[in-house]
Amino acid sequence: MHDLVRIDTLPSRVGETVRIGGWVTHLRSKGSICFAVVRDGSAVVQCVATRADAGDDVFATACGLTVETSVIVSGTVRSDARSPGGVELGVATVEVVGRSVDYPIAPKEHGVGFLQEQRHLWVRSSRQHAALRIRHEVEAAIMEFLHADGFVRFDTPILTPCAAEGTSNLFATEYFDLGEAYLAQTGQLYVEAGMMAFGRVYCFGPTFRAEKSKTRRHLTEFWMVEPEAAFVDHAGNLEIQERMVSHVVARCLERRRADLELLGRDLSALERVQPPFPRITYDEALEIVRAHAPDDGSVPPLTWGEDLGAPHEVLISDRFDRPVFVERYPAAVKAFYMQPDPARPEVALCADLLAPGFGEIVGGSQRIHDEALLRQRIEEHGLPVDAYQWYLDLRRYGSVPHSGFGLGIERTVLWISGLPHVREAIAFPRMLYRIYP
RNA sequence: UCCUCGGUAGCUCAGUCGGUAGAGCGGGUGACUGUUAAUCACUAGGUCGUAGGUUCGAGUCCUACCCGAGGAGCCA
């Protein structure tokens, strides 16, 4: 099988005789000619078999194929305007590798419940295939950007001994004789330890939230990248974020344009994603909500001190042509470790990045670097100080101002690809009412 | 946890006033040498989510429950 060639190389092999291996996605036959579209993961190609060219036996095999049968096909590559993609394979031989009987997904509409039940097969479908290739590109582009910017990948634990903020949203499991352990809902605290060692680090992996959220933006298991940098203040933090997000979008436009087009994404909207991103304060966000909320009550009014809800984020982000930072939220609604604004201590030096028409894809802040203030915040939040001794240690031995952020992979993929629901931005989504397959 | 909608063939759905279960797609068989989700003909395929109730008679009406979808709350 070492001689098999990838289908995406066929346009440069016109005239050659080649062998390809893949899966039949579609079949059409008409008398003594039949067409089989084959997918190998790199691309698809139409294979054409005629009784005259292939002979009775090969032709009968080709006509007897079924959807998702795996095959090795040999033949001659030729260009033909009638073929989708302009290139096709004139079949000489067909070898069935694995049969496929009664494949459940047909080229027609299905309900999402059925498709999710068939997720292990649904990932073969063209739209899902495109979405997951975009996810791959997003992940690769993030690591490419951070590597080039001097960040060291610093992977953080999945099993953790305590909650960053309460245990109600955590998945718990027994950990031998040491009591309960929890699946990490962030790598944030650990990545701060790495930052003090390496200057710039990031973690990249799954996080878990036992929230009973049932919306198109929520998963119980999702992936996050969390960069953390020493000697970077709030303003510098936003600058890293806008450069990274712009890089990711540019890479997708460069390398996954066909997938974006297949999904029907408006590419001109993505072309506009260039730094700098607009910055508005929480106070200005409240003004926008007050002035532009529709009369139908779909966007509830907000008073100062309340966090923005999903409808507010969409309302605000829709008014900008690229992602927008909303900064300086009331400290009371944000995490305990966020640095207060020295000019206005009731707000935190934090920002959420809202993508147009979608909502939050990034949350970040400058962190408290003073031990006394951090200890005070831990106590104010009613958290167990003993459990945070190691975290306080980071402020006892050469503390420096530092900042970081977390970017949600599935939400970013959803926004870039224009998909309707996060379940399509990950291969096997984990949701409130679904853990199979 | 709450609100809304739904569950009938493998899939997507229709089913009128309560009176013998329907279509399209998919599957099977056959025809056709350029199809693009091909087309045409024929054909197989049903415990109407579950359990009760009303009725001479329930896919249809009532009650409870189960399951699915969308949204809200929640969500550094």
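Computed from a prediction, not measured in an experiment: that's the story for all the values here. First the proteins, then the strands, lettered A, B, ... as listed; each starts at 1.
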ask   = Taking all non-hydrogen atoms of both residues, which atom of A:Ser246 and which atom of A:Pro275 are closest, and how far apart?
value = OG-CD, 3.1 Å
ask   = What's the shortest heavy-atom distance between A:Lys334 and A:Asp352, and which atoms?
value = NZ-OD2, 3.3 Å
ask   = At under 4.0 Å between heavy atoms, what does A:Ser83 touch on the DNA or RNA strands: base, sugar-phosphate, or nothing?
value = base
task = Flag the pair A:Leu262 / A:His129 as yes when at least one side-chain heavy-atom distance between them is below 4.5 Å, and no otherwise.
result = no
message = I need the CZ-C1' distance between A:Arg217 and B:rC74, as an integer number of Å.
response = 11 Å
ask   = A:Tyr190 and A:Trp390: aromatic ring centres closer than 6.0 Å?
value = yes
message = Does B:rC75 have its OP1 or OP2 closer than 4.0 Å to a side-chain nitrogen or oxygen of A:Arg216?
response = no
inquiry  = At 4.0 Å (heavy atoms only), tell me whether A:Gly364 reaches a base, stays on the sugar-phosphate, or touches nothing.
reply    = nothing
ask   = Side-chain donor-acceptor pair under 3.5 Å between A:Asp283 and A:Thr281, yes or no?
value = no
ask   = What is the nucleic acid contact for A:Glu226, judged by heavy atoms within less than 4.0 Å: base, sugar-phosphate only, or nothing?
value = base
request  = Could you check whether A:Thr215 gets within reach of a base, just the sugar-phosphate, or nothing at all, counting any heavy atom under 4.0 Å?
outcome  = sugar-phosphate
Flag for A:Gln46-A:Arg28: side-chain donor and acceptor within less than 3.5 Å = yes
task = Answer with base, sugar-phosphate or nothing: what part of the nucleic acid does A:Pro84 contact at a heavy-atom distance below 4.0 Å?
result = base
remark   = Out of B:rG27, B:rU12, B:rC75, minimum distance to the side chain of A:Glu211 belongs to B:rC75
key: C1'-based separation of B:rG7 from B:rU50 [nearest Å]   = 11 Å
ask   = Between the base of B:rC11 and the side chain of A:His110, is there a donor-acceptor distance below 3.5 Å?
value = no
inquiry  = Applying a 4.0 Å non-hydrogen cut-off, can you work out what A:Phe35 is touching in the nucleic acid: base, sugar-phosphate, or nothing?
reply    = base
Sugar-phosphate only, base, or nothing, as touched by A:Arg51 at under 4.0 Å among non-hydrogen atoms = nothing
inquiry  = Given the structure, check if the side chain of A:Ser213 and the base of B:rC75 hold any donor-acceptor pair shorter than 3.5 Å.
reply    = no
Please tabulate, for side-chain N and O atoms in residues 55-65 of chain A, each donor-acceptor pair with protein atoms closer than 3.5 Å (sequence neighbours left out).
unit_1: A:Thr61; atom_1: OG1; unit_2: A:Asp57; atom_2: O; d: 3.1

key: Interatomic distance where CZ belongs to A:Phe208 and P belongs to B:rC75 [whole Å]   = 20 Å
inquiry  = With a 4.0 Å cutoff (strictly under), does any side-chain N or O of A:Gln46 reach OP1 or OP2 of B:rG34?
reply    = no
ask   = If you measure from the P atom in B:rA14 to the same atom in B:rC61, how many Å do you get, rounded?
value = 14 Å
task = Pick the P atom in B:rG6 and in B:rA41, then give their distance to the nearest Å.
result = 35 Å
query = Mind pulling the stems RNA chain B is in, i.e. runs of at least three Watson-Crick or G-U pairs, everything under 3.5 Å?
reply = B:1-7 with B:66-72, B:10-13 with B:22-25, B:27-31 with B:39-43, B:49-53 with B:61-65
query = Looking for any heavy atom pair under 4.0 Å, which part of the strands does A:Arg78 touch: base, sugar-phosphate only, or nothing?
reply = base
remark   = Against the side chain of A:Val112, the closest entry in B:rG34, B:rA69, B:rU33 is B:rA69
query = Quick one: do A:Arg39 and A:Glu68 make a salt bridge, cutoff under 4.0 Å?
reply = yes
ask   = Checking all strands, does A:Asp307 fall into the base, sugar-phosphate, or nothing category for heavy-atom contacts under 4.0 angstrom?
value = nothing
remark   = Between NZ of A:Lys212 and C1' of B:rC75 the distance, given in whole Å, is 14 Å
inquiry  = What is the separation between atom CZ on A:Arg28 and atom P on B:rU33, rounded to the nearest whole Å?
reply    = 17 Å
inquiry  = Can you tell me whether the side chain of A:Glu88 and the base of B:rG34 have a donor-acceptor pair closer than 3.5 Å?
reply    = yes
message = Please report whether the ring centroid of A:Phe336 lies less than 6.0 Å from that of A:Tyr388.
response = yes
inquiry  = Does A:Leu27 reach a base, just sugar-phosphate, or nothing at all? Heavy atoms under 4.0 Å.
reply    = sugar-phosphate
query = Of the nucleotides B:rG26, B:rU33, B:rU12, which one has an atom closest to the side chain of A:Ala52?
reply = B:rU33
inquiry  = Once you apply a heavy-atom cut-off of 4.0 Å, does A:Arg423 come out as touching a base, just sugar-phosphate, or nothing?
reply    = sugar-phosphate
query = When the distance from NZ of A:Lys214 to C1' of B:rC74 is rounded to whole Å, what number comes out?
reply = 15 Å
key: Spacing of A:Asp352 atom CG relative to B:rC75 atom P, expressed in whole Å   = 13 Å
task = Looking at every strand, decide which applies to A:His381 at a 4.0 Å heavy-atom threshold: base, sugar-phosphate, or nothing.
result = nothing
note = When rounded to whole Å, the OH to C1' distance for the pair A:Tyr103 and B:rA37 reads 15 Å
message = Students often get this wrong, so: under 4.0 angstrom with heavy atoms, is A:Met431 touching a base, only sugar-phosphate, or nothing?
response = nothing
message = If you take any heavy atom closer than 4.0 Å to RNA chain B, which residues from residues 123-131 of chain A end up in contact?
response = none
